[in-house]
Amino acid sequence: MNCLVTGASGYIGGRLVPELLAAGHRVRCVGRSPEKLRAHPWADRVEIVEGDVRDPVAMADALRGMDVAYYLVHALGTGRDFEASDRRAARTVAEQAAAAGLRRLVYLGGLTPADVPPEQLSPHLRSRAEVGEILLASGVPTAVLRAAVIIGSGSASFEMLRYLTERLPVMITPSWVRTRIQPIAVRDVLRYLVGCAALPADVSRTFDIGGPEVLTYAAMMHRYARVAGLPRRLILPVPLLTPRLSSYWVGLVTPVPHAIAAPLAASLRYEVVCREHDIARYVPDGPRQPLPFADALRLALRKVQDAQVATRWSSAALPGAPSDPLPTDPDWAGGSLYTDRRERTVDASQAALWRVVEGIGGEHGWYSFPLAWAVRGWLDRLVGGAGLRRGRRDAEHLRVGDALDFWRVEAIDPGRLLRLRAEMRLPGLAWLEMRVDRDPATGRTRYRQRAIYHPRGLLGHAYWWSVAPFHAVVFGGMARNIAGAAAREAPRGSAEPAGRAR
């Protein structure tokens with residue numbers, strides 16, 4: 001069938017596309033930033049179109065000729081009006097799907113508690129439920145899959161569980177650790193999503209999907225400790241940690257920023273257990289399907305340890321992060337634009353230097369003044385930003401759209417250029433650009449580095465001049481140490497990792 005996937009740059013969408021291709025379907029992906037989609041390994045096997053789910057014209061074009069559309073977008077944590085944004089997008093897609101004569105809509109929503117009225121749900125769960133209702137009312141046969149906690153390498157739920165358990169042998173925790181939850185492995189979610197493409201035309205309803213076990217969050221942490229080979233954790237629930245406070249607690253301990261942790265933590269107050277398993281009538285379960293919780297954990301941990309994480313929760317842009325493209329330089333006429341330029345001649349091949357450049361960030365560090373980077377990361381976390389703990393999806397290789405600590409890869413030309421856009425909280429916009437080339441006069445390898453800052457208002461200008469005295473240490477040291485790391489790594493050959501924090 002011809003399948004349209006919205007949200008293909010996100011955690012689930014990026015994994016669903018190859019599964020649909022493996023099942024023999026033809027896939028079209030729609031997104032606001034096609035360059036992010038073109039960086040995926042499956043990009044040359046799909047059709048990629050630019051469009052916003054809130055734009056009726058763009059969605060009419062994207063849906064033309066399609067049989068099935070997967071709706072995998074939501075405005076989680078994008079601001080106080082995220083429910084209105086979700087509502088508008090769902091209505092647009094529903095109307096255009098009906099006009100296009102689509103055979104089926106498939107939506108992945110959230111599992112809601114049976115005994116809580118919609119108006120009493122957290123805004124996150126309430127919005128997910130409302131989107132499902134809008135799609136079901138479209139007149140197009142619709143399958144709404146409702147899942148609770150999804151366990152898979154790189155998922156926000158898995159990383160919350162992982163970091164809370166690994167970092168805190170003794171935990172004073174919110175009362176929601178006693179809440180009963182029915183987690184599900186991401187591979188089962190994908191299996192059900194793919195199977196929904198072939199549902200009979202008269203099936204239009206919600207399906208609860210979950211794993212074979214119902215556990216409290218505390219039990220999930222104990223299970224994780226056992227699977228990961230950690231000593232048993234001491235968990236002390238207290239009622240004083242409100243959902244708001246607990247979201248800051250989660251943001252402090254885990255890489256998941258407050259903007260995402262807050263709605264997730266608020267949703268954990270509710271018992272979310274499947275009330276039926278009717279999906280198995282149409283997408284039959286095989287042996288050990290759905291996957292037991294401990295097996296899902298082992299699989300996710302193995303993927304993390306083997307650096308085979310296909311997508312992460314950070315694959316989608318951080319809510320509220322800037323998305324402006326780099327201003328044209330040098331003839332940009334949009335106002336002030338500050339730059340810091342550094343250049344070094346490198347005693348190594350271009351390939352050796354590129355390995356260091358592409359391996360920057362995460363566990364490899366930023367090659368200068370680690371304390372300054374750490375402090376800047378903590379300050380960013382305190383004001384609700386990403387901080388430095390998002391790390392990397394892959395330890396050695398990057399692609400457009402990857403999160404890299406508090407940066408995001410905006411452009412990459414393998415072997416030549418890496419451009420990062422800042423997603424830290426700033427009174428302006430910032431980029432960091434690293435280039436690898438050859439000096440035409442001497443034939444030697446050359447490293448060129450450029451930090452670009454577009455201030456916003458008087459505060460933006462004040463920010464630049466307040467940190468300018470540190471640039472020689474931070475940016476100058478970075479250029480010097482990257483060149484030195486490339487020179488040291490060069491004799492070891494291409495099989496060696498790209499560098500380590502200096």
Side-chain angles (χ1 to χ4, degrees), residues 1-8 10-25 27 29 42 66-74 97 102-112 125 128-129 131-133 135-136 140-158 181-214 272-293 295-297 299-300 303 310-311 313:
M1 284 180 275
N2 296 312
C3 299
L4 177 73
V5 178
T6 65
Y11 178 73
I12 292 292
R15 297 186 180 213
L16 176 63
V17 169
E19 297 293 329
L20 290 170
L21 292 170
H25 300 303
V27 178
C29 300
W42 39 256
M66 294 292 102
D67 301 309
V68 180
Y70 286 89
Y71 191 82
L72 302 173
V73 296
H74 57 83
L102 199 72
R103 290 169 54 181
R104 175 158 299 281
L105 281 165
V106 182
Y107 169 59
L108 178 62
L111 191 59
T112 55
L125 282 182
R128 301 299 289 271
V131 168
E133 292 168 1
L135 298 178
L136 283 166
V140 176
T142 300
V144 175
L145 303 187
R146 307 194 313 167
V149 170
I150 296 177
I151 299 298
S153 59
S155 76
S157 296
F158 172 73
I181 302 166
Q182 192 164 352
I184 183 171
V186 67
R187 61 168 48 190
D188 287 309
V189 173
L190 296 171
R191 178 170 59 87
Y192 291 138
L193 285 170
V194 173
C196 281
L199 288 176
D202 61 347
V203 175
S204 187
R205 53 164 292 184
T206 64
F207 293 97
D208 292 354
I209 59 173
E213 299 155 277
V214 176
V272 279
V273 176
C274 296
R275 298 187 287 276
E276 42 83 10
H277 189 55
D278 296 348
I279 189 68
R281 287 192 228 157
Y282 306 98
V283 187
D285 296 324
R288 297 186 71 74
Q289 290 180 335
L291 199 65
F293 180 69
D295 290 351
L297 289 178
L299 184 61
K303 293 286 187 181
T311 59
W313 61 269

**Request:** Provide the closest heavy-atom pair for Val203 versus Phe207 in the form atom of the first, atom of the second, distance.
**Result:** CG1-CZ, 3.8 Å
**Fill in**
On a heavy-atom basis, the closest approach of His277 and Pro290 is CE1-CG, 4.3 Å
**Request:** For the pair Arg191 (side chain) and Pro284 (backbone), establish whether a donor and an acceptor sit closer than 3.5 Å, ignoring hydrogens and angles.
**Result:** yes
**Prompt:** Do the non-hydrogen side-chain atoms of Ser155 and Val149 ever get within less than 4.5 Å of each other?
**Reply:** no
**Request:** Scan Leu102, Leu20, Val27, Val106 and name whichever one has a side-chain contact (heavy atoms from CB on, under 4.5 Å) with Val68.
**Result:** Val106
**Request:** Could you tell me the separation between the CG atom of Leu125 and the CZ atom of Arg146, rounded to the nearest 0.5 Å?
**Result:** 10.0 Å
**Request:** Taking the side chain as every heavy atom from C-beta outward, state whether Phe158 and Leu297 have any pair of such atoms under 4.5 Å apart.
**Result:** yes
**Request:** Check the pair Cys196, Ile279 against side chain to side chain contact (heavy atoms under 4.5 Å, CB included), reporting the backbone distance first and the verdict last.
**Result:** CA-CA 9 Å; Cys196 281; Ile279 189 68; 4.1 Å; yes
**Asked** So, Gln182 side chain and Val214 main chain: donor-acceptor pair closer than 3.5 Å or not?
**Response** no
**Asked** Out of curiosity, Glu133 CD to Tyr107 OH, how far, rounded to the nearest 0.5 Å?
**Response** 10.0 Å
**Request:** Provide the closest heavy-atom pair for Leu111 versus Val272 in the form atom of the first, atom of the second, distance.
**Result:** O-CG1, 3.0 Å
**Asked** Are side-chain heavy atoms of Val186 and Ile12 found at a separation under 4.5 Å?
**Response** yes
**Prompt:** Hey, does the side chain of Arg128 reach the backbone of Leu108 with a donor-acceptor pair shorter than 3.5 angstrom?
**Reply:** yes
**Distance in Å, Leu16 CG paired with Leu21 CG, rounded so as to fall on 0.5 Å steps** = 9.0 Å
**Asked** Which atom names give the shortest non-hydrogen contact between Ala280 and Asp285, and what distance separates them?
**Response** CB-OD2, 3.7 Å
**Message:** Going by side-chain contact (heavy atoms from CB on, under 4.5 Å), name the residues that satisfy it together with Arg187, two or more places apart in sequence or in a different chain.
**Reply:** Ala185, Leu291, Leu299
**Sequence-distant partners of Asp67, side-chain contact (heavy atoms from CB on, under 4.5 Å), two or more places apart** = Met1, Asn2, Arg103
**Request:** Start with the C-alpha distance between Arg15 and Val189, add both sets of side-chain angles, then the distance that settles side chain to side chain contact (heavy atoms under 4.5 Å, CB included), and finish with yes or no.
**Result:** CA-CA 10 Å; Arg15 297 186 180 213; Val189 173; over 6 Å; no
**Beyond-backbone contact of Leu199 with Pro141, side-chain heavy atoms, under 4.5 angstrom** = no
**Asked** Counting only N and O atoms by type, is there a donor-acceptor contact under 3.5 Å from the side chain of Trp42 to the main-chain atoms of Glu19?
**Response** no
**Request:** State, to 0.1 Å, how close Ala23 and Val194 come at their nearest heavy-atom pair, and which atoms those are.
**Result:** CB-CG1, 3.9 Å
**Request:** Could you tell me which residues satisfy side-chain contact (heavy atoms from CB on, under 4.5 Å) with Glu213, sequence neighbours excluded, listed by chain and number?
**Result:** Leu215, Arg223, Pro292, Phe293
**Asked** Hey, is the main chain of Ser204 close enough, under 3.5 Å, to the side chain of Thr142 for a donor-acceptor pair?
**Response** no
**Item:** Residue that, paired with Leu145, satisfies side-chain contact (heavy atoms from CB on, under 4.5 Å) out of Asp208, Ile184, Leu193
**Value:** Leu193
**Point-to-point distance, once rounded to the nearest 0.5 Å, from OH of Tyr70 to CG of Leu4** = 11.0 Å
**Request:** Evaluate the side-chain proximity of Tyr71 to Val131: yes if any heavy-atom separation is below 4.5 Å, no if none is.
**Result:** yes
